[in-house]
Amino acid sequence: MPHVSDKPLASDDFLWSLNEEPHRTRRLAIMKAHPEVRKLMGHEPLTKYVAAGVVFLQLMVALALTFLGVHPLDWRFILTAYLLGGIANQNLFLAIHEITHNLAFKSIAANRLLAILVNLPVGVPFAMTFKPYHIEHHKHLGEDGIDTDMPTRLELMVLNNVLGKAFFATFQLFFYAIRPGFVRVQKLTAWHMLNICIQLLFDFMICYLCGSPVPLYYFLMSSFFAGSLHPIAGHFIAEHYMFSNIEQETWSYYGPLNIFTYNVGYHNEHHDFPSVPWTRLPALRKLAPEFYDVLPSHSSWTMVILAFIFSNHSGMNMRVKRQPRFKKLQEPSIEDAPNYTGWEVRT
């Protein structure tokens with residue numbers, strides 16, 4: 001059970017833990033109590049069809065806005081990008097997240113190529129950059145200087161107030177894009193270059209063929225809203241920030257927005273078993289209720305955003321940090337863990 005602190009945590013520092021991250025311990029306990037959990041592991045063929053459908057949808061919407069002559073500053077354009085594009089591109093972000101764990105195909109190369117193609121309506125190449133950082137997020141959860149999902153001390157000092165938290169929640173994607181360059185520079189590979197070249201070629205060709213940059217404006221605006229003050233973007237904050245002095249570093253959400261987000265709300269379940277694909281995460285929770293039903297969870301991503309910004313019981317400091325287990329680590333590279341899905345269970 002998570003610990004409930006008797007007094008507010010200090011606002012000028014993170015919660016430093018001497019304990020191992022909880023997911024490996026719970027994974028071992030679940031596998032001992034429910035060895036049949038292994039049957040839930042494996043790739044999910046449905047992922048590629050859902051992702052392809054959303055890519056096609058975004059292409060059609062971008063082309064429709066272009067040929068209808070809707071200006072990017074027109075309220076109809078902005079509303080479409082917010083309501084439809086924000087959900088669609090968040091779906092694509094999380095499709096790439098799913099593919100990063102090699103859960104769409106058995107082949108590593110096929111997963112990488114699919115991630116690059118799914119990246120296209122995002123407008124900016126990130127799929128191959130995301131992979132090594134996200135794998136380290138799983139393997140080194142909360143470890144200072146390794147897990148780039150953690151805010152930096154500079155962010156804590158500058159942004160841990162209402163205006164600062166509102167700014168952070170509005171421009172989350174920029175923080176996630178820029179922060180790794182200051183914390184842990186990534187080693188570029190041929191896959192990174194392929195991702196960049198295909199994305200730039202796609203951006204150029206769609207603007208050239210349409211005779212207008214409007215499609216690219218739509219993609220970029222959709223991506224911005226997908227990681228901004230949008231209900232569906234609440235999962236970024238909901239997943240690992242603590243709330244109400246409950247010292248729990250991973251939170252789940254079981255509400256209806258999981259329909260659009262590859263069940264990313266089942267976040268404790270995902271970190272416990274990264275090899276279980278999105279379609280089987282509800283079954284994982286049902287299989288081991290004695291482990292998951294006792295954990296506090298969120299009921300609304302919208303309320304998470306509001307609580308994060310306005311409440312004194314959450315903020316930039318409400319993250320669990322720990323010292324790195326290894327003093328020296330190589331620069332992150334996409335080749336470091338090419339087939340990592342979390343299947344390995346070491347005792």
Undergrad: Is a donor from one side chain sitting under 3.5 angstrom from an acceptor on the other, for Glu136 and His140?
TA: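 The criterion, which ignores hydrogens and geometry beyond distance, is not satisfied for His140 and Glu136.
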Undergrad: Going by side-chain contact (heavy atoms from CB on, under 4.5 Å), name the residues that satisfy it together with Asn19, two or more places apart in sequence or in a different chain.
TA: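 Per chain and number, Asn19 pairs via side-chain contact (heavy atoms from CB on, under 4.5 Å) with Ser17.
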Undergrad: Might you point out which heavy atoms bring Tyr266 and Pro282 nearest each other, and give the distance in Å?
TA: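 Heavy atoms only, the tightest pair is CE2-CA, 3.6 Å.
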Undergrad: Sequence neighbours left out, what passes ring-ring contact (aromatic ring centres under 6.0 Å, His included) with Tyr133? Give chain and number order.
TA: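 Per chain and number, Tyr133 pairs via ring-ring contact (aromatic ring centres under 6.0 Å, His included) with no residue.
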Undergrad: Same cluster or not: are Val320 and Val183 linked, directly or through other Ile, Leu, Val, Met, Phe, Trp or Tyr residues, by side-chain heavy atoms under 4.5 angstrom apart?
TA: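 No.
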Undergrad: What do you reckon, are the aromatic ring centroids of His97 and His137 less than 6.0 Å apart?
TA: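 Here the rings of His137 and His97 have centres that are no less than 6.0 Å from each other.
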Undergrad: Only distances under 3.5 Å count here; give the side-chain donor-acceptor pairs of residues 47-55 to other protein atoms, sequence neighbours excluded, each with its distance to 0.1 Å.
TA:
{"unit_1": "Thr47", "atom_1": "OG1", "unit_2": "Glu44", "atom_2": "O", "d": "3.3"}
{"unit_1": "Thr47", "atom_1": "OG1", "unit_2": "Trp278", "atom_2": "NE1", "d": "2.8"}
{"unit_1": "Lys48", "atom_1": "NZ", "unit_2": "Pro45", "atom_2": "O", "d": "3.2"}

Undergrad: Check whether any side-chain N or O of Ser252 sits under 3.5 Å from a backbone N or O of Asn268 as a donor-acceptor pair, and report yes or no.
TA: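 It does hold such a pair.
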Undergrad: Would Val276 and His270 satisfy side-chain contact (heavy atoms from CB on, under 4.5 Å), going step by step from the backbone distance to the final call?
TA: CA-CA 7 Å; Val276 174; His270 169 65; over 6 Å; no
Undergrad: Can you confirm whether or not the ring centre of Phe171 sits under 6.0 Å from the ring centre of Phe167?
TA: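 Centroid distance Phe171-Phe167: below 6.0 Å, so yes.
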Undergrad: Please check: side-chain N/O of Gln186 versus main-chain N/O of Thr129, any donor-acceptor pairing under 3.5 Å?
TA: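 Present.
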Undergrad: For side-chain contact (heavy atoms from CB on, under 4.5 Å), just list the numbers for Leu103 and Tyr262, CA-CA rounded to whole Å, side-chain angles, deciding distance to a tenth of an Å, and then say yes or no.
TA: CA-CA 12 Å; Leu103 294 176; Tyr262 292 89; over 6 Å; no
Undergrad: Apply side-chain contact (heavy atoms from CB on, under 4.5 Å) to residues Gln323 and Trp16 and explain how you reach the verdict.
TA: CA-CA 8 Å; Gln323 293 295 337; Trp16 289 87; 3.4 Å; yes
Undergrad: Compute whether any side-chain donor of one residue and acceptor of the other, for Gln58 and Asn89, lie under 3.5 angstrom apart.
TA: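 Distance-only check passes for Gln58 and Asn89.
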Undergrad: Could you tell me whether the side chain of Thr250 reaches within less than 4.5 Å of the side chain of Leu295, counting heavy atoms only?
TA: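 No, every pair of side-chain atoms sits at 4.5 Å or beyond.
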Undergrad: Considering all heavy atoms of both residues, which atom of Ala109 and which atom of Trp191 are nearest to each other, and what is their separation?
TA: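 Looking at all heavy atoms of both residues, the shortest contact is O-CH2, 4.0 Å.
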Undergrad: Scan the side chains in residues 72-79 for donor-acceptor partners under 3.5 Å anywhere in the protein, sequence neighbours excluded, and list what turns up.
TA:
{"unit_1": "Asp74", "atom_1": "OD1", "unit_2": "Arg76", "atom_2": "N", "d": "2.8"}
{"unit_1": "Asp74", "atom_1": "OD1", "unit_2": "Arg76", "atom_2": "NE", "d": "3.1"}
{"unit_1": "Asp74", "atom_1": "OD2", "unit_2": "Arg76", "atom_2": "NH2", "d": "3.0"}

Undergrad: Hey, what do you get for OG1 (Thr261) to CD (Gln90), rounding to the nearest 0.5 Å?
TA: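 Answer for the OG1-CD pair, Thr261 versus Gln90, is 7.5 Å.
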Undergrad: Before accepting this row, confirm whether a basic side-chain N of the pair Asp293/Arg285 lies closer than 4.0 Å to the acidic partner's carboxylate O.
TA: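 A salt bridge links Asp293 with Arg285.
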Undergrad: Supply the atom-to-atom distance Met128 CE to Arg112 CZ, rounded to the nearest 0.5 angstrom.
TA: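 Met128 atom CE to Arg112 atom CZ measures 7.0 Å (nearest 0.5 Å).
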Undergrad: Which residues pass the side-chain contact (heavy atoms from CB on, under 4.5 Å) test with Phe260, sequence neighbours left out?
TA: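 Here the qualifying residues are Ile87, Ile232, Leu257.
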Undergrad: For Phe243, is the CZ atom crowded, meaning more than 12 foreign heavy atoms sit under 6.0 Å from it?
TA: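 More than 12 within 6.0 Å, yes.
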Undergrad: Could you pull out all residues at least two apart from Glu20 that satisfy side-chain contact (heavy atoms from CB on, under 4.5 Å)?
TA: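 Scan of Glu20 (side-chain contact (heavy atoms from CB on, under 4.5 Å), adjacent residues dropped) gives Arg24, Thr25.
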Undergrad: Would a distance-only check, ignoring hydrogens and angles, find a side-chain to backbone donor-acceptor pair under 3.5 Å from Asn258 to Tyr253?
TA: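 It does hold such a pair.
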Undergrad: Is a side-chain N or O of Lys165 found less than 3.5 angstrom from the main chain of Gly315, in a donor-acceptor match?
TA: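 Looks like no, no N/O pair under 3.5 Å.
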Undergrad: Grab the two heavy atoms, one from Phe236 and one from Gly227, that are nearest each other, plus how far apart they are.
TA: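 Closest approach of Phe236 to Gly227: CE1-CA, 4.0 Å.
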Undergrad: From Tyr218 OH over to Ile206 CD1, what is the distance, rounded to the nearest 0.5 angstrom?
TA: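 Interatomic distance, Tyr218 OH to Ile206 CD1, rounded to 0.5 Å: 11.0 Å.
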Undergrad: Name all pairs fulfilling the salt bridge (Lys or Arg N to Asp or Glu O under 4.0 Å) condition that reach into residues 254-270, sequence neighbours left out, sorted by first residue then second.
TA: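 Checked against salt bridge (Lys or Arg N to Asp or Glu O under 4.0 Å) - neighbours excluded - no pair reaches residues 254-270.
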Undergrad: Salt-bridged, Arg153 to Asp13, with N to O below 4.0 Å?
TA: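 Yes, charged N to carboxylate O under 4.0 Å.
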Undergrad: Ignoring hydrogens and angles, tell me if any N or O in the side chain of Arg322 forms a donor-acceptor pair with the backbone of Leu18 under 3.5 Å.
TA: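 Between the backbone of Leu18 and the side chain of Arg322 there is no qualifying donor-acceptor contact (under 3.5 Å).
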Undergrad: To the closest 0.5 Å, what do you measure between CZ (Phe175) and CG (Asp149)?
TA: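 It comes to 13.5 Å.
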Undergrad: What is the ring orientation for His271 with His138, classed by angle as parallel under 30°, tilted 30 to 60°, or perpendicular over 60°?
TA: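 It falls in the parallel class, under 30°.
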Undergrad: What's the shortest heavy-atom distance between Lys106 and His43, and which atoms?
TA: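 Looking at all heavy atoms of both residues, the closest pair is CE-CE1, 3.3 Å.
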Undergrad: Are the side chain of Asn111 and the backbone of Ala104 linked by a donor-acceptor contact shorter than 3.5 Å?
TA: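 Checking the backbone N and O of Ala104 against the side chain of Asn111, a donor-acceptor pair under 3.5 Å is found.
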Undergrad: Just how far is it from atom OH of Tyr217 to atom SG of Cys207, taken to the nearest 0.5 Å?
TA: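 These two atoms lie 8.0 Å from each other.
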Undergrad: Please check if Leu201 and Met193 belong to a single hydrophobic cluster, counting links between Ile, Leu, Val, Met, Phe, Trp and Tyr side chain heavy atoms closer than 4.5 Å.
TA: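 No, Leu201 and Met193 fall in different hydrophobic clusters.
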Undergrad: Inspect the surroundings of CZ in Phe67 and state if more than 12 heavy atoms from other residues, nucleotides or ligands are less than 6.0 Å away.
TA: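 Yes, because the 6.0 Å sphere around CZ of Phe67 holds more than 12 heavy atoms from other groups.
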Undergrad: Considering only distance and modelled atom types, tabulate donor-acceptor pairs under 3.5 Å from the side chains of residues 118-127, sequence neighbours left out.
TA:
{"unit_1": "Asn119", "atom_1": "OD1", "unit_2": "Phe126", "atom_2": "N", "d": "2.8"}
{"unit_1": "Asn119", "atom_1": "OD1", "unit_2": "Ala127", "atom_2": "N", "d": "3.0"}
{"unit_1": "Asn119", "atom_1": "OD1", "unit_2": "Asn195", "atom_2": "ND2", "d": "3.4"}
{"unit_1": "Asn119", "atom_1": "ND2", "unit_2": "Val124", "atom_2": "O", "d": "2.9"}
{"unit_1": "Asn119", "atom_1": "ND2", "unit_2": "Gln199", "atom_2": "OE1", "d": "3.3"}

Undergrad: In terms of relative ring orientation, are Tyr82 and Phe225 parallel, tilted or perpendicular, with 30° and 60° separating the classes?
TA: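 Tyr82 and Phe225: perpendicular rings.
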Undergrad: When you measure from the side chain of His267 to the backbone of Trp251, do you find a donor-acceptor pair of N or O atoms at a distance under 3.5 Å?
TA: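 Side chain of His267 to backbone of Trp251, a donor-acceptor pair under 3.5 Å: no, none is there.
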Undergrad: Can a donor-acceptor pair be found, under 3.5 Å and without considering hydrogens, that links the side chain of Ser228 to the backbone of His230?
TA: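 Not at all, since once roles are kept as given, no pair shorter than 3.5 Å links the two residues.
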Undergrad: Has Arg179 got its NZ or CZ under 6.0 Å from the middle of the six-membered ring of Phe182, at an angle within 45 degrees of the ring axis?
TA: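 No, a cation-pi geometry is absent between Arg179 and Phe182.
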Undergrad: For Arg280, give me all partners under side-chain hydrogen bond (donor to acceptor under 3.5 Å, both in side chains), at least two apart in sequence or on another chain.
TA: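 In terms of side-chain hydrogen bond (donor to acceptor under 3.5 Å, both in side chains), with neighbours along the sequence ignored, Arg280 is linked to no residue.
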Undergrad: Only counting residues at least two apart or in another chain, list the ones meeting side-chain contact (heavy atoms from CB on, under 4.5 Å) with Met303.
TA: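 Here the qualifying residues are Ser300, Leu306.
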Undergrad: Applying side-chain hydrogen bond (donor to acceptor under 3.5 Å, both in side chains), can you list everything that pairs with Asn161, at least two apart in sequence or on another chain?
TA: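 Residues passing side-chain hydrogen bond (donor to acceptor under 3.5 Å, both in side chains) with Asn161: none at all.
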Undergrad: Give, for atom CG of Leu141 and atom CD1 of Ile146, the distance between the pair rounded to the nearest 0.5 Å.
TA: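 Atom-to-atom, Leu141:CG and Ile146:CD1 are 11.5 Å apart.
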Undergrad: Filter on salt bridge (Lys or Arg N to Asp or Glu O under 4.0 Å), then keep only pairs touching residues 210-234, sequence neighbours left out; what's left?
TA: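 Every candidate salt bridge (Lys or Arg N to Asp or Glu O under 4.0 Å) pair involving residues 210-234 fails, so no pair, neighbours aside, qualifies.
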Undergrad: Decide yes or no on side-chain contact (heavy atoms from CB on, under 4.5 Å) for Ile237 and Gln172, but give the supporting numbers first.
TA: CA-CA 9 Å; Ile237 295 171; Gln172 288 182 79; 3.7 Å; yes
Undergrad: Flag the pair Lys321 and Glu143 as a salt bridge only when some basic side-chain nitrogen lies within less than 4.0 angstrom of an acidic carboxylate oxygen.
TA: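 Looking at Lys321 and Glu143, the cut-off is not met.
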Undergrad: In terms of hydrophobic clusters joined by side-chain contacts under 4.5 Å, are Leu209 and Leu65 together?
TA: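 No: no chain of side-chain contacts under 4.5 Å links Leu209 to Leu65.
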Undergrad: Ring centres of His134 and Phe130 under 6.0 Å apart?
TA: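 Aromatic pair counts; centres sit under 6.0 Å.
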